[in-house]
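We count ligands from 1, going down the list as the structure has it; atoms in each ligand are counted the same way. Quick note: numbers below take in every heavy atom, side chains included, and nothing from hydrogens, waters or symmetry partners.
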Amino acid sequence: MKATLLFPDKDIVERFYVPLIYTACRTCYSELEPDEIFRRAVAGEVDGAKQQKLIQGVIESGHGSTIEHIVFTFGISGVSRTLSHQLVRHRAGVAFDQQSQRYVKYKGASTMLPATLEDADPELRRRYEEQIEGSLDLYGDLLGAGIPGEDARFVFPNATRTNLVMTTNLRALIHMSGLRLCTMAQWEIRRLFQLIRHEIFNVSPFLGSFLAPKCVPLGYCDEMNNRDGHCPIRPHKDVVLAAWAEKAKTARAAGRELPVT
Ligand SMILES: Cc1cc2nc3c(=O)[nH]c(=O)nc-3n(C[C@H](O)[C@H](O)[C@H](O)COP(=O)(O)OP(=O)(O)OC[C@H]3O[C@@H](n4cnc5c(N)ncnc54)[C@H](O)[C@@H]3O)c2cc1C
């Protein structure tokens, strides 16, 4: 699996991305026109740390439109159709183009082998591989018999590899990362977002720092499947609410009222 940041490069990100978000934020509170705010920010007339502080505060407050002005384009390759089907469920602020199974003739073996199957009982793994190879062989035979690719592809397994180009604004990227870096996410898409985060860190550790499982900015976990607290990154919402209820009870006993949970 590969995830490569195609655009922008480090120079562009360093020079323009923080000033651009800063301009969007400052325009809301300034008499200056946006082009002047942007000029000053790019020229270094506004301290970089000050720009970052404002951006940090605005993101943490959930004022998301300010970070829709910057986009990142990734080349994603060697992922399964299982992954791509999950990825393209994201609709807001993200665009995809994907390798066509109608127009591309798949010649070589092009499937993913999950680690659990790699380590599985040898007989089960043999049957899995036989099934996959059988599908790909049949695909070749169907094409050879003149069946069009758009129909022959019906035999492809979910393990079939695919390539995509994904362009996303920063708001959508933070949202997707929140869901897909979570330990509840499927391993393959989680791996993809770890690579994506790595790519963003390479061009901007500051912007990369916003890509985290959703529980990190929330401060608690809201996943139903983590009610048992097996993922320890943040306490589960139920635990936090129970602690709050306990605190409210203690306060009430002492004659003070806290907001009701
Ligand atoms: C761990 C995990 C398990 C999952 N399991 C399943 C499953 O079993 N079955 C299944 O079908 N899917 C599943 N999904 C996919 C999930 O339901 C979403 O479709 C997917 O994560 C896209 O996220 P999103 O809805 O936030 O969409 P995005 O397009 O990323 O939208 C971003 C945000 O914009 C807003 N938004 C976008 N479109 C609209 C709209 N039309 N109306 C109002 N607001 C909108 C919402 O606030 C949304 O959160 C799973 C996802 C995860 C992370």
Query raised in the report: Considering residues, nucleotides and ligands other than F201, do more than 12 of their heavy atoms fall under 6.0 Å from its CZ?
Result: yes
Query raised in the report: Counting only heavy atoms not in R39, do more than 12 sit closer than 6.0 Å to its CZ atom?
Result: yes
Query - Distance-only polar pair, side chains of Y106 and Q99, donor-acceptor under 3.5 Å - result: yes
Requested in this report: Would you sort out whether D119 and R125 count as a salt bridge (charged side-chain N to carboxylate O under 4.0 Å, His left out), showing the intermediate values?
Outcome: CA-CA 8 Å; D119 301 339; R125 178 173 164 174; over 6 Å; no
**Report entry** Residues in contact with ligand 1, criterion: heavy atom under 4.0 Å
**Finding:** R89, H90, R91, A92, H175, L179, R180, M184
**Report entry** Partners meeting ring pair (Phe, Tyr, Trp, His ring centres under 6.0 Å) with Y22 (sequence neighbours left out)
**Finding:** none
Query raised in the report: What class does the angle between the rings of Y17 and F72 fall in, given that below 30° is parallel, 30 to 60° is tilted and above 60° is perpendicular?
Result: perpendicular
